Amino acid sequence: MKFKLMQADETDAVEIVEIMRQSYEQLEHKDWYITDDIPYIRHHLKAGNGIGYKAIEIDSGTMAGFYVASFQWDTPKNLGWKIGFTAAQCRKTAFMDTTAVLPKYRGHRLQYYLMQELEKTLYSMGFRYLTATVHPDNHSSKNTMMYLNYKAVGRIDKCGSPRDIMLKVLDENVTGRV
């Protein structure tokens, strides 16, 4: 299978939420993944609020997966505050918010490639810090993040479930392992 990565927009919100739903249904550990709704995704795909990428399976034209990053700037929601960042650092911090890959397309490293594409774009937009949260036992997602040089720097409770705060400091090499 071959895939192309494209920037997502507000019109993709319904399909993104459907991918979340299908992915969630397949999970053995439901507390490892928090789904979002259509207004939330639309909001974060609007300019100034966030950015997303989608992976399209070329032969079928099917959206196989996505990754959405949100901008919290220096609001209280910015995870930078939880790890001791200054307001200036928080304004350069993006949140790698949500991702999912349809079950039939797993195993093609789409989360990894989508993250790389987002990182390059976020770097070009002036972001220098990327945060994410992951359930401590979700080794697949956590390993992908660690492979891309994210480090666990704290822990929070999110929707009644523990989440490790992951951090990556961007430099000019944002295309994988350093």
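No experiment lies behind these values; they were computed from the predicted model shown. The residues of the chain are indexed from 1 along the displayed sequence. For the numbers below, each heavy atom of this structure counts, side chains included, while hydrogens, waters and symmetry mates do not.
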Check your understanding: Are Ile58 and Tyr113 linked, directly or through other ILVMFWY residues, by side chains that come within less than 4.5 angstrom of each other?
Key -> no

Review point. Do you reckon Ile34 sits in the same ILVMFWY cluster as Tyr24, going by side-chain contacts under 4.5 Å, direct or chained?
Key: no

What closest approach, in Å, do [X] and [Y] show between heavy atoms, and which atom pair accounts for it?
| X | Y | value |
| --- | --- | --- |
| Val17 | Asp37 | CG2-C, 3.7 Å |
| Ala69 | Leu122 | CB-CD1, 4.1 Å |
| Ala55 | Leu114 | N-CD2, 3.9 Å |
| His139 | Pro136 | CE1-O, 3.9 Å |
| His44 | Ser70 | CD2-CB, 2.9 Å |
| Val14 | Ile38 | CG2-CD1, 3.9 Å |

Taking [X] for the side chain and [Y] for the main chain, is one N or O donor matched with an acceptor at less than 3.5 Å?
| X | Y | value |
| --- | --- | --- |
| Ser161 | Lys158 | no |
| Arg163 | Arg155 | no |
| Lys120 | Met115 | no |
| Asn49 | His43 | yes |
| Asp164 | Val134 | no |
| Asn78 | Thr75 | no |
| His135 | Asp137 | yes |

Exercise for review: Evaluate side-chain contact (heavy atoms from CB on, under 4.5 Å) for Ser23 paired with Arg106, printing each intermediate quantity in order.
Suggested key: CA-CA 10 Å; Ser23 296; Arg106 292 188 183 144; 3.4 Å; yes

Point to revise | Aromatic ring proximity, centroids under 6.0 angstrom, Phe127 and Phe71 | key: yes

How long is the gap from [atom1] on [X] to [atom2] on [Y], to the nearest 0.5 Å?
| X | Y | atom1 | atom2 | value |
| --- | --- | --- | --- | --- |
| Trp32 | Leu27 | CH2 | CG | 8.5 Å |
| Gln7 | Lys54 | CD | NZ | 9.5 Å |
| Tyr150 | Lys142 | OH | NZ | 14.5 Å |
| Met145 | Ser140 | CE | OG | 10.0 Å |
| Ile16 | Thr11 | CD1 | OG1 | 9.0 Å |
| Asn149 | Leu130 | CG | CG | 11.5 Å |

Point to revise | Basic-acidic side-chain contact under 4.0 Å: Glu119, Lys168 | key: yes

Judged by modelled atom types alone, do [X] and [Y] share a side-chain donor-acceptor pair under 3.5 Å?
| X | Y | result |
| --- | --- | --- |
| Gln26 | Gln22 | no |
| Tyr40 | Thr98 | no |
| Tyr112 | Gln116 | yes |

Check your understanding: Using a side-chain heavy atom cutoff under 4.5 Å and only I, L, V, M, F, W and Y, what cluster partners does Leu167 have?
Key -> Leu79, Ile83, Phe85, Phe95, Tyr129, Val153, Ile156, Ile165, Val169

Practice item. Would you mind reporting whether Arg21 and Glu18 have side-chain heavy atoms less than 4.5 Å apart? Key: yes

Check your understanding: Using 30° and 60° as the class limits, which term best fits the ring planes of Phe3 and Tyr105: parallel, tilted or perpendicular?
Key -> perpendicular

Exercise for review: Using a cut-off of 6.0 Å, state whether more than 12 heavy atoms not belonging to Lys30 lie near its atom NZ.
Suggested key: yes

Review point. After noting the C-alpha distance and the side-chain angles of Leu110 and Phe66, does the key distance pass the side-chain contact (heavy atoms from CB on, under 4.5 Å) rule?
Key: CA-CA 8 Å; Leu110 292 177; Phe66 69 90; over 6 Å; no

